[in-house]
Asks: 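Questions regarding the structure given below will be posed in turn.
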Amino acid sequence: MAQSLELLLIQFLMPDNDARRQAEDQIKRLAKDPQVVPSLVHHLRTAKTPNVRQLSAVLLRKKITGHWAKLSPSLKLLVKQSLIDSITMEHSPPVRKASANVVSIVAKYAVPSGEWPDLLPFLFQCSQSPQEDHREVALILFSSLTETIGSAFRPYFADLQALLLKCLQDETSNRVRVAALKAVGSFLEFTHDGDEVIKFREFIPSILNVARQCLASGEEDVAIIAFEIFDELIESPAPLLGDSVKSIVQFSLEVCSSQSLESNTRHQAIQIISWLAKYKSSTLKKHKLVIPILQVLCPLLAESTNENDDDDLAPDRAAAEVIDTMALNIPKHVFQPVFEFASVSCQNANPKFREAAVTALGVISEGCLELMKSKLEPVLHIVLGALRDPEQVVRGAASFALGQFAEHLQPEIVSHYESVLPCILNALEDASDEVKEKSYYALAAFCENMGEEILPFLDPLMGRLLAALQNSSRNLQETCMSAIGSIASAAEQAFLPYAERVLELMKNFMVLTNDEDLRSRARATELVGIVAMSVGRARMEPILAPYIEAAISGFGLEFSELREYTHGFFSNVAEILDDSFAQYLPRVVPLAFSSCNLDDGSAVDIDEGDDEIANGFREVSSDDEAHDEPRVRNISIRTGVLDEKAAATQALGLFAQHTKISYAPYLEETLRILVKHSSYFHEDVRLQAIIALKHTLTAAHAIFQSQTEGAAKAKEILDTVMNIFLKTMVEDDDKEVVAQACTSVADIIRDYGYGTLEPYLPQLVDATSLLLREESACQQIESDSEIDDDDSAHDEVLMDAVSDLLPAFAKSMGAQFAPIFAQLFEPLMIFAKASRPPQDRTMVVACLAEVAQNMGSPIAGYVDRVMSLVLKELASSDATNRRNAAFCVGELCKNGGDSALKYYDNILRGLHPLFGESEPDDAVRDNAAGAVARMIMVHPESIPLNQVLPVFLRALPLKEDHEESMAVYSCVSTLIFSSNPQILSLAELFLI
């Protein structure tokens with residue numbers, strides 16, 4: 001075989017395609033015989049040309065797995081010795097590397113079985129050889145062997161680390177230093193033990209030296225390995241970086257700001273900063289690195305992008321993403337430097353810097369939202385000024401920033417509508433389509449949270465938008481439809497004069513079938529649903545039929561986004577038609593089921609390895625006997641399918657909620673899907689499943705209440721739903737999903753009462769306690785061990801939902817809640833510490849108020865422990881905090897008995913400023929009035945009515961919080977009917 005195989009190998013390397021194909025077929029036939037192994041080994045050692053030797057090694061690597069067990073001991077010995085000889089005596093680097101790859105595969109089988117005891121001692125010996133080639137190939141082998149026999153290195157780990165460090169510092173050979181760098185990367189990838197990983201900290205200076213040398217010599221691809229190593233170190237939970245973090249950041253900043261380097265290299269450097277911000281934010285603060293980082297990254301936003309560059313790797317885009325990450329993780333340290341950069345750069349003569357100024361403000365608006373809200377006036381001054389800039393790129397960036405503000409700085413941004421909306425209106429007339437498109441986005445985001453404030457602008461806005469719908473490109477039409485949807489939501493019934501025209505125009509879009517038009521059709525379908533919600537059932541029901549038909553027909557067009565928006569459309573229609581939507585269930589529920597059961601379309605990219613020479617050789621090297629383990633490079637999911645599944649899951653819940661008994665035929669399959677989706681890998685789908693489960697429970701209750709065996713079936717579904725919610729609260733890693741589970745549980749407690757929930761009470765209390773102690777899965781902080789109290793990963797939405805559970809328990813249990821509240825009180829009060837943000841403290845106060853209101857007299861035992869907190873909150877700079885504190889103090893006085901009486905003087909002093917002209921918030925004043933009313937009702941003798949009543953009565957009538965009416969007006973009427981002299985003397989004032 002040896003002679004014929006050699007000729008075939010030579011023939012395969014010829015440029016003639018026909019000759020190559022013939023050789024390939026013959027080699028494939030010969031490769032099925034185990035004797036191909038010694039033949040390939042022979043050519044690896046004796047062939048005259050390096051290409052043939054390399055090809056022999058490549059084929060040997062592919063075939064050795066299938067044939068190794070069939071070889072005799074003598075042949076196995078020959079293979080091992082020949083590979084060692086090739087590694088140590090071969091002059092061609094590609095052949096040496098190819099032989100090293102074969103060693104890695106053989107070692108996978110020979111080392112664990114004890115057939116190759118000499119391999120590791122040989123490699124250690126080789127790595128200390130005076131010959132550069134030997135040291136290099138030993139390190140290459142150490143790298144590749146970690147993938148196949150990594151566990152065999154464990155006894156030698158300390159020796160290996162010392163060896164790698166020595167080779168990183170090799171004074172005579174750059175090749176050895178580079179090979180050592182690659183080996184460090186391989187070992188780090190394999191090593192998961194914290195104690196072992198931490199030893200790599202001392203490697204950092206040497207890694208930085210090698211990386212700098214590689215950059216200086218143009219070996220950027222090697223320098224990137226250093227960044228991959230730093231990536232591993234940063235993601236490790238062990239505190240690996242120490243003081244070296246300064247050096248890593250300095251090196252990364254040097255690289256990312258060097259315009260002479262490749263985009264990919266610079267991107268890797270920027271990514272290190274991003275990972276540090278995400279996983280080691282406290283380290284950046286501790287070493288005072290935030291400002292130096294921003295001083296480099298903010299100017300990068302002004303860098304001109306080469307048109308040939310990959311957008312994802314462009315330094316300006318990557319820098320924006322990192323600044324965004326920093327803002328989300330360390331907002332207090334990011335806002336001021338970025339604001340100062342923007343304030344200076346907005347006046348720069350270079351338009352790229354003016355663009356960077358507003359881009360920077362836009363990207364930090366989500367993370368720094370609280371700080372930006374407090375500085376909204378000067379921030380808006382910069383952005384609205386940029387919206388009038390002579391340069392298109394600056395105006396476009398300003399429109400983007402305004403859209404971000406509208407999305408993240410609610411509700412404060414809406415109060416500036418008088419200055420913002422006219423600027424957006426002007427931008428809609430911009431000569432640039434890009435500016436127009438971003439302005440429509442800004443308009444859509446801005447109007448989404450508006451109410452009647454939009455009415456004065458309705459005519460000019462709709463005039464421009466209706467014109468644009470008929471005379472613009474598809475992209476502009478789509479963003480225009482989004483803007484109209486936001487306006488319709490804000491204007492509600494006031495949108496009626498425009499509804500007919502909009503709906504008529506949407507008919508034209510909802511029949512489009514060309515691929516390039518389907519996104520527009522999707523937006524139109526969505527918009528019809530939004531307009532329907534605004535104008536209501538009476539106006540829409542008579543004209544719905546053609547829109548329903550068009551929406552259903554769109555499912556045949558195989559466009560995921562269209563199906564997603566169509567599910568949203570059906571959800572809106574179900575909401576306005578309520579039980580009348582039952583007529584459409586047979587047609588729309590199967591469509592939702594179909595989307596829910598779609599394959600996710602996971603796509604996995606496989607790295608086939610190193611062998612360019614074998615690129616055309618896949619047939620020979622991929623028969624059933626070859627089992628080389630490829631490396632997974634990347635896993636991607638078709639996100640459109642995820643969005644479609646989430647929308648379909650939401651739709652099923654809303655169909656069940658609104659049609660109730662009529663939904664019976666679909667209940668079983670819906671529950672099967674929702675149970676499955678409640679543990680889905682993506683949080684968006686899980687979130688919708690948790691919401692839909694609550695709605696489905698409501699439908700099941702209606703369906704089964706009139707059936708003979710209904711109670712048992714309803715209990716079975718309640719068990720299923722509650723077990724999912726309990727598991728989600730404890731085990732789900734997404735805070736929004738957990739928050740929704742808590743909200744759903746609180747709703748169920750209110751809807752069904754204590755009796756129904758009693759079997760789940762121990763688990764519910766345990767889960768609530770776990771969340772209050774911030775020990776559930778979604779609260780585990782992987783980023784840092786040095787988290788500050790004020791920068792903890794606490795999530796306001798999550799904890800608001802958790803704290804709502806306590807009042808729900810109290811309302812359903814009354815005084816019986818007392819022993820449970822005793823367990824939850826201390827964990828709750830952690831959020832009231834002075835180091836916590838204001839929103840945490842007001843969450844606690846609001847929770848205490850509702851518990852006091854619903855639990856009643858047992859709250860007396862807590863008055864002394866909470867009163868100082870509540871009195872401090874009465875003087876808070878935040879209106880929400882003052883309002884909640886006023887409500888709380890009233891309930892503590894009402895239900896706290898004599899325990900609260902001793903605080904009356906302090907309470908009245910704390911409430912008094914809330915009645916004055918300096919109090920800008922009507923709701924705060926209303927709650928203060930409610931508190932005084934409760935105090936008077938409980939202990940009128942302890943209130944100096946001659947001083948209190950004039951102030952109290954001047955605050956009437958209530959202006960905003962009408963839930964206080966019962967307490968306030970009951971107090972007044974009781975005083976009047978009891979002929980209280982103080983109130984009678986003030987009757988004239990009261991009547992006025």
Side-chain angles (χ1 to χ4, degrees), residues 447-449 451 481-482 484-496 499 502-503 506 510 522-552 554 562-593 595-596 643-664 666-667 670 673-674 684 687-703 740 743-744 747 751:
C447 295
E448 198 166 319
N449 290 280
M481 284 187 253
S482 291
I484 292 173
S486 293
I487 290 168
S489 296
E492 296 181 340
Q493 288 292 307
F495 192 76
L496 267 173
V502 170
L503 291 170
M506 291 308 101
M510 287 182 72
R523 291 287 180 192
T525 305
E526 175 192 42
L527 179 53
V528 172
I530 293 169
V531 171
M533 291 284 287
S534 293
V535 302
R537 178 174 178 172
R539 300 277 183 164
M540 283 303 298
E541 193 167 14
I543 61 170
L544 260 176
Y547 297 103
I548 296 276
E549 293 304 320
I552 291 172
L562 176 57
R563 294 195 297 269
E564 174 199 344
Y565 283 97
T566 303
H567 290 309
F569 164 74
F570 290 143
S571 296
N572 285 344
V573 172
E575 201 159 334
I576 63 164
L577 294 187
D578 206 43
D579 55 353
S580 291
F581 188 74
Q583 62 187 299
Y584 298 111
L585 290 178
R587 300 183 69 193
V588 301
V589 173
L591 299 176
F593 284 166
S595 292
C596 285
D643 294 337
E644 180 182 343
K645 280 195 178 212
T649 305
Q650 179 187 43
L652 290 176
L654 290 168
F655 297 164
Q657 179 190 18
H658 291 287
T659 61
K660 294 185 176 66
I661 293 174
S662 303
Y663 199 72
Y666 314 101
L667 186 66
T670 297
I673 288 170
L674 295 181
D684 288 354
L687 177 66
Q688 295 305 330
I690 294 298
I691 296 170
L693 277 166
K694 169 61 177 66
H695 294 328
T696 307
L697 182 64
T698 303
H701 188 74
I703 291 165
Q740 185 56 57
T743 299
S744 295
D747 288 342
D751 291 349

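Note that the structure is a prediction, hence the values are computed from the model and not measured.
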Asks: Give me each pair satisfying salt bridge (Lys or Arg N to Asp or Glu O under 4.0 Å) with a member in residues 541-550, each pair once, sequence neighbours excluded.
Replies: Arg537-Glu541, Glu549-Arg587
Asks: Salt bridge (Lys or Arg N to Asp or Glu O under 4.0 Å) for Lys694 and Asp751? Distances and angles first, verdict last.
Replies: CA-CA 11 Å; Lys694 169 61 177 66; Asp751 291 349; 3.0 Å; yes
Asks: Counting N and O atoms only, with roles assigned by atom type, does the side chain of Gln493 sit under 3.5 Å from a partner on the main chain of Ser534, one being a donor and the other an acceptor?
Replies: yes
Asks: Sub-3.5 Å donor-acceptor pair from the side chain of Tyr547 to the main-chain atoms of Leu503, do we have one?
Replies: yes
Asks: Nearest heavy-atom pair of Phe655 and Ala574: which atoms, and what distance?
Replies: CD2-CB, 3.9 Å
Asks: How far does CD1 of Ile484 sit from SG of Cys447, to the nearest 0.5 angstrom?
Replies: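 Reported value, rounded in 0.5 Å steps: 11.0 Å.
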Asks: Taking the side chain as C-beta and beyond, is there a heavy-atom pair between His701 and Lys660 under 4.5 Å?
Replies: no
Asks: Find the distance between OG1 (Thr659) and CG (Leu654) and round it off to the nearest 0.5 Å.
Replies: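 It is 10.0 Å, given to the nearest 0.5 Å.
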Asks: Could you check whether Ser595 and Glu644, counting side-chain N and O atoms only, form a donor-acceptor pair closer than 3.5 Å?
Replies: yes
Asks: Is there a donor in the side chain of Thr696 and an acceptor in the side chain of Tyr663, or the other way round, less than 3.5 Å apart?
Replies: no
Asks: Could you measure the distance from the CG atom of Leu687 to the CD atom of Gln740? Nearest 0.5 Å is fine.
Replies: 6.0 Å
Asks: Does any pair with a residue in residues 570-579 pass side chain to side chain donor-acceptor pair (under 3.5 Å), and if so which ones, sequence neighbours excluded?
Replies: Asp578-His658
Asks: Looking at OG1 of Thr525 and OH of Tyr565, how far apart are the two atoms once the value is rounded to the nearest 0.5 Å?
Replies: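 Reported value, rounded in 0.5 Å steps: 10.5 Å.
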Asks: Mind listing the closest non-hydrogen atom pair of Asp684 and Ala646 along with its distance?
Replies: O-CB, 4.0 Å
Asks: Looking at every non-hydrogen atom in both residues, tell me the closest pair between Ile530 and Ser489 and how far apart they are.
Replies: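 In terms of heavy atoms, the two residues are closest at CG2-OG, 3.4 Å.
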Asks: Calculate, to the nearest 0.5 Å, the distance between atoms CG and CG belonging to Leu667 and Leu674 respectively.
Replies: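 So the gap between those two atoms works out to 9.5 Å.
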Asks: Are the side chains of Thr698 and Gln657 in touch, meaning some heavy atoms are under 4.5 Å apart?
Replies: no
Asks: Might you point out which heavy atoms bring Pro590 and Leu585 nearest each other, and give the distance in Å?
Replies: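 Here Pro590 and Leu585 meet closest at CD-O, 3.6 Å.
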Asks: After noting the C-alpha distance and the side-chain angles of Ser744 and Ile690, does the key distance pass the side chain to side chain contact (heavy atoms under 4.5 Å, CB included) rule?
Replies: CA-CA 8 Å; Ser744 295; Ile690 294 298; 4.2 Å; yes
Asks: If every non-hydrogen atom of Ala592 is compared with every non-hydrogen atom of Leu652, which pair is closest and at what distance?
Replies: CB-CD2, 3.7 Å
Asks: Is a side-chain N or O of Gln650 found less than 3.5 angstrom from the main chain of Gly568, in a donor-acceptor match?
Replies: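 Not a single qualifying donor-acceptor pair exists.
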Asks: Out of curiosity, Ile552 CD1 to Tyr584 OH, how far, rounded to the nearest 0.5 Å?
Replies: 8.5 Å
Asks: What's the verdict on side chain to side chain contact (heavy atoms under 4.5 Å, CB included) for Leu562 and Arg523, showing C-alpha distance, side-chain angles and the deciding distance?
Replies: CA-CA 8 Å; Leu562 176 57; Arg523 291 287 180 192; over 6 Å; no
Asks: Which heavy atom in Pro542 sits nearest to a heavy atom in Ala538, and how many Å separate them?
Replies: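 Taking every non-hydrogen atom into account, CD-O, 3.4 Å.
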Asks: Would you say Lys645's side chain and Cys596's backbone share a donor-acceptor pair under 3.5 angstrom?
Replies: yes
Asks: List the steps, then state whether side chain to side chain contact (heavy atoms under 4.5 Å, CB included) holds for Phe581 with Ile576.
Replies: CA-CA 9 Å; Phe581 188 74; Ile576 63 164; over 6 Å; no
Asks: Show your working on side chain to side chain contact (heavy atoms under 4.5 Å, CB included) between Val588 and His567 and close with a plain yes or no.
Replies: CA-CA 9 Å; Val588 301; His567 290 309; over 6 Å; no
